[in-house]
Amino acid sequence: MELFELTLHEASDLLRQHLISSTELTKAVLGRIEAVEAKVKAFVTLTPELALEQAHQADALLAGRAEPPSPLTGIPMALKDIICTKGIRTTCASRMLENFIPPYDAIVVERLRAAGAVFVGKTNMDEFAMGSSTENSAFYPTVNPWAADRVPGGSSGGSAASVSSGGAFYALGTDTGGSVRLPASFCGLVGLKPTYGRVSRYGLVAFASSLDQVGVLAKDVTDCALALQVIAGYDPNDSTSVDTPVPDYHRGLQGGLRGLRLGVPKEYFVEGMQPEVAAVLRQALDKLSELGAELREVNMPHTGYSLPAYYLIAPAEASANLARYDGVKYGYSDQKAEDLWDAYARTRGHGFGPEVKRRIMLGTYALSAGYYDAYYLKAQKVRTLIKQDFDQAFKDFQALVVPTSPTVAFRLGDKTGDPLAMYLSDVCTLTANLAGIPAISIPCGFVDGLPVGLQILGPPFAEDLLLRVAYAYEQATTWHRQRPRI
Ligand code: GLN
């Protein structure tokens with residue numbers, strides 16, 4: 001087995017026992033990136049010098065110690081290019097920010113630095129996180145490590161592809177409507193979107209502020225728990241961050257499933273779902289019963305309205321958030337303009353790609369006088385109904401189990417001409433963002449050699465429970481140990 005194939009916790013154990021060094025691990029990962037990056041294209045920016053310097057520092061920290069400061073110390077990882085990194089270009093895969101170098105770190109980055117993490121680079125994504133396939137990157141699409149003709153999912157597709165191909169032991173992504181969970185499912189990884197308010201959004205470039213959360217992409221549930229532990233927790237810089245204690249996620253993994261009541265909302269087994277994917281999911285549900293959980297069907301009557309509600313609320317917030325890219329303060333600025341209005345038009349016309357423009361127009365329309373009540377306000381009311389479906393379900397069930405996606409990874413180019421078809425990839429993931437609840441996707445099988453994801457949804461701040469359910473399933477299966485051959 002090659003070093004880059006290890007999980008984060010395996011690598012961390014070897015570091016603790018002084019059997020390998022962080023420098024060796026980092027060189028192995030950088031070598032792997034060099035070997036596969038031309039095919040996978042997971043990264044926008046690579047930071048090999050920084051990584052080796054951080055590895056060197058980690059080795060100094062680890063030397064002569066029985067316990068590393070953190071399980072993340074000395075472990076190479078990747079960051080989605082929407083998370084601000086001081087002194088390292090942060091592009092959001094947009095021409096608008098192609099040369100933007102943030103003057104500060106996001107809080108999650110600060111926490112990772114403090115834990116001794118090693119940063120290998122910034123990962124590719126859909127422009128400003130708008131998309132489900134990473135094909136909306138202004139630079140190039142990322143390729144699914146499992147199949148050269150398939151998308152890795154989006155918008156955190158680069159983060160998923162980097163971990164799945166051995167270019168990072170884990171990665172951070174962001175999830176506004178499914179952008180951590182969908183790529184996790186398409187690339188055979190564990191992907192967790194925490195509760196809204198669990199992880200600081202400070203230093204995260206805003207897409208839709210009431211929905212955005214930073215999440216983890218990892219090779220297994222243990223790794224996911226270890227990474228979440230470091231990034232979770234109150235941050236006074238983010239007014240929506242919640243000041244509630246962070247449990248010991250790793251210690252909580254062992255509880256098992258016996259006696260747990262899990263709901264299965266049939267609304268998530270949508271029309272148009274690939275029958276083979278549905279079959280794989282049914283088997284996963286059977287496995288959960290076998291392991292001692294009690295599964296029962298539950299009604300979530302407003303699920304079907306989540307897609308229209310999301311595609312009003314998210315673009316509305318995006319249209320406001322993206323107003324700041326005016327060519328005056330920072331980012332791309334068109335210098336050939338004749339007057340101020342012309343400068344705005346040119347800057348925004350050239351700086352944004354087609355999907356971002358579509359969202360700005362949708363959002364501006366939904367918020368405009370005369371339409372606000374009919375669209376935006378209505379969508380907010382629907383959002384409340386969706387939240388109430390969950391409140392109701394969590395009275396009877398500790399968690400819900402559903403598909404992450406109705407299909408396996410689709411072909412590159414398949415949906416680029418049809419925005420609505422692309423939006424439909426998120427039907428199973430949007431609800432968690434609208435309700436603000438945590439959700440995890442874990443590998444549960446394959447269809448035609450492509451990974452399938454099982455999604456577990458829980459009440460606010462039940463990340464520990466989600467990880468426990470996921471861990472019990474994972475320990476009874478081997479899907480998470482499969483690696484793509486590139
Ligand atoms: N695919 C969804 C969108 O395009 C979700 C993206 C995300 O979670 N960032 O809005």
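Counting starts at 1 for both ligands and their atoms, in listed order. Numbering of residues begins at 1 and proceeds along the displayed sequence.
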Tyr471 versus Ile442: any side-chain heavy-atom pair under 4.5 Å?
no
Contacts table for residues 364-375: side-chain donor-acceptor under 3.5 angstrom, sequence neighbours left out:
| from | atom 1 | to | atom 2 | distance (Å) |
| --- | --- | --- | --- | --- |
| Thr364 | OG1 | Ile360 | O | 2.6 |
| Ser368 | OG | Tyr365 | O | 2.7 |

Compute whether any side-chain donor of one residue and acceptor of the other, for Thr85 and Lys122, lie under 3.5 angstrom apart.
yes
I need the contact residues for ligand 1: any residue with a non-hydrogen atom closer than 4.0 Å to the ligand, ordered by chain then number.
Ala129, Met130, Gly131, Ser132, Ser155, Asp175, Thr176, Gly177, Gly178, Ser179, Phe207, Tyr310, Tyr311, Arg359, Asp426
Hey, which of Asn124, Thr134, Asp126 is the one that makes side-chain hydrogen bond (donor to acceptor under 3.5 Å, both in side chains) with Thr142?
Asn124
is_close_aromatic(Phe446, Trp146), centroid dist under 6.0 Å:
yes
Given 3.5 Å as the limit, does a donor-acceptor pair link the side chain of Glu267 with the main chain of Thr303, or not?
no
